[in-house]
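For reference, the structure is listed below as structure tokens.
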Amino acid sequence: MDTTGLINSVYAAAAAIDFGRKGFATRGKAEEGRLSYENGISLALSTFRDAQSTIDPQIIILVEYTFLTQELQFCTESDTDSRSSLTQAIQSFNDAFLALTVVEDSTLYQAADKTHPHYKKYRVSGFPKDSFHIACIAHRTRLRNILRSPGIDAIEKALLKQRLANLATAQKGYMVKQEKALGNGY
């Protein structure tokens, strides 16, 4: 599936999930809500799997970013904790997109590498722990915390686990770009 198709699928999945969740809470709409929720989760899961299969960090992060923006759009104003968490995740992925741009230019990235400490805690497999890695690491923590929440059903857990796997794949793909930008010495 092309990038536009993946993004459109994310929009459709997020809308179906939100409609389903709202249906659960509406008298007489529980069954319709459950079907919409399950269809949305199923579509999201297949979309995230398709994104992961590209092994392209840009596409994987774009799909995750789109899903997050949709979750934020469907959040109520009173859900300040979720809104804050989603906003922070979106901001960190904005920085990750900037890192993806810089890593494509080896001259720029070699200069950027010099600004990162070479201590192990500031590195990921020897590469600079830049905003791309930081966004993935922070978001994985967020997803793991959601997975630990009581009441998450099995199909949503499967989606969360897929999203976690996608972040690991994105980081591996990004490290390939880092290695290319920094030369064969890495």
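With rounding to the nearest 0.5 angstrom, the CZ atom of F93 is 4.5 Å from the CD1 atom of I61. Interatomic distance, R49 CZ to L159 CG, rounded to the nearest 0.5 Å: 9.5 Å. Annotation: the span from I41 atom CD1 to F48 atom CZ amounts to 10.0 Å, rounded to 0.5 Å. Separation of atoms CD (E179) and CE (M175) is listed at 10.0 Å; rounding is to 0.5 Å. With rounding to the nearest 0.5 angstrom, the CG atom of D130 is 10.0 Å from the CG atom of D95. How far CD1 of I17 is from OG of S36: 8.5 Å, rounded to the nearest 0.5 Å.
The backbone N or O of D79 sits nowhere less than 3.5 Å from a side-chain atom of S82 that would complete a donor-acceptor pair. With hydrogens and angles ignored, the 3.5 Å screen pairs no side-chain donor or acceptor of S85 with any backbone N or O of D81. S84 places no side-chain N or O within 3.5 Å of a backbone atom of T80 that could act as its donor or acceptor partner. Checked by atom type and distance alone, the side chain of S53 pairs as donor or acceptor with a backbone atom of D50 at under 3.5 Å. Side-chain N or O atoms of E71 include none that pairs as donor or acceptor with a backbone N or O of A14 at under 3.5 Å.
For the residue pair Q73 and Q70, a side-chain donor N or O sits within less than 3.5 Å of a side-chain acceptor on the partner. Between the side chains of Q162 and N166, at least one donor N or O lies within less than 3.5 Å of an accepting N or O.
The two residues A89 and H139 make their nearest non-hydrogen contact at CB-ND1, 4.0 Å. In terms of heavy-atom proximity, A16 sits nearest to G40 at CB-CA, 3.6 Å. Annotation for A96 and A135: closest pair CB-CB, 4.0 Å, computed over non-hydrogen atoms.
Taken together through direct or relayed side-chain contacts under 4.5 Å among Ile, Leu, Val, Met, Phe, Trp and Tyr, V124 and I134 form parts of separate hydrophobic clusters. No single ILVMFWY cluster, assembled from side-chain heavy atoms under 4.5 Å apart, contains both F127 and I60. There is no path of hydrophobic side-chain contacts, each under 4.5 Å, that joins L160 to F74.
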Determine, stepwise, if the pair R123 / D113 fulfils salt bridge (charged side-chain N to carboxylate O under 4.0 Å, His left out).
CA-CA 10 Å; R123 298 281 159 162; D113 178 45; 3.0 Å; yes
Walk me through it: do R140 and Q171 pass the test side chain to side chain donor-acceptor pair (under 3.5 Å)?
CA-CA 11 Å; R140 268 201 313 268; Q171 275 190 278; 2.4 Å; yes
Decide yes or no on side chain to side chain donor-acceptor pair (under 3.5 Å) for Q178 and Y109, but give the supporting numbers first.
CA-CA 8 Å; Q178 286 180 299; Y109 201 75; 2.6 Å; yes
In sequence, state the C-alpha distance, the side-chain angles, and the governing distance for K172 and I55, and then conclude on side-chain contact (heavy atoms from CB on, under 4.5 Å).
CA-CA 8 Å; K172 287 176 188 170; I55 314 171; over 6 Å; no
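Applying the ring pair (Phe, Tyr, Trp, His ring centres under 6.0 Å) rule to Y174 yields the partners F132, H133; only residues at least two apart in sequence or on another chain are considered. In this structure, the side chain to side chain contact (heavy atoms under 4.5 Å, CB included) partners of S9, at least two apart in sequence or on a different chain, are M1, L43, T47. For N94, the side-chain hydrogen bond (donor to acceptor under 3.5 Å, both in side chains) criterion is met by Y65, not counting sequence neighbours.
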N/O donor to acceptor pairs below 3.5 angstrom from side-chain atoms of residues 97-107, sequence neighbours left out:
unit_1: T101; atom_1: OG1; unit_2: F97; atom_2: O; d: 3.1
unit_1: E104; atom_1: OE2; unit_2: K177; atom_2: NZ; d: 2.6
unit_1: D105; atom_1: OD1; unit_2: T107; atom_2: N; d: 3.0
unit_1: D105; atom_1: OD1; unit_2: L108; atom_2: N; d: 3.3

Atom pairs and distances, side-chain donor-acceptor, residues 145-156, under 3.5 Å, sequence neighbours left out:
unit_1: N145; atom_1: OD1; unit_2: R148; atom_2: NH1; d: 2.8
unit_1: N145; atom_1: ND2; unit_2: T141; atom_2: O; d: 3.4
unit_1: S149; atom_1: OG; unit_2: N145; atom_2: O; d: 3.4
unit_1: S149; atom_1: OG; unit_2: I146; atom_2: O; d: 3.2
unit_1: D153; atom_1: OD1; unit_2: Y37; atom_2: OH; d: 3.3
unit_1: D153; atom_1: OD1; unit_2: E156; atom_2: N; d: 3.1
unit_1: D153; atom_1: OD2; unit_2: R34; atom_2: NH1; d: 3.3
unit_1: E156; atom_1: OE1; unit_2: R21; atom_2: NH2; d: 3.3
unit_1: E156; atom_1: OE1; unit_2: Y37; atom_2: OH; d: 2.5
unit_1: E156; atom_1: OE2; unit_2: R21; atom_2: NH2; d: 2.6

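Listed by chain and number, the hydrophobic cluster partners of F19 come to none, as no ILVMFWY side chain reaches under 4.5 Å of it.
Under the 4.5 Å side-chain criterion, counting only non-hydrogen atoms from C-beta, I90 is not in contact with E64. In this structure, L182 and P128 have side chains that are in contact, with non-hydrogen atoms separated by less than 4.5 Å. At least one side-chain heavy atom of L86 sits less than 4.5 Å from a side-chain heavy atom of R142.
Crowding of Q88 atom CD: a count of heavy atoms from other residues, nucleotides or ligands under 6.0 Å not exceeding 12.
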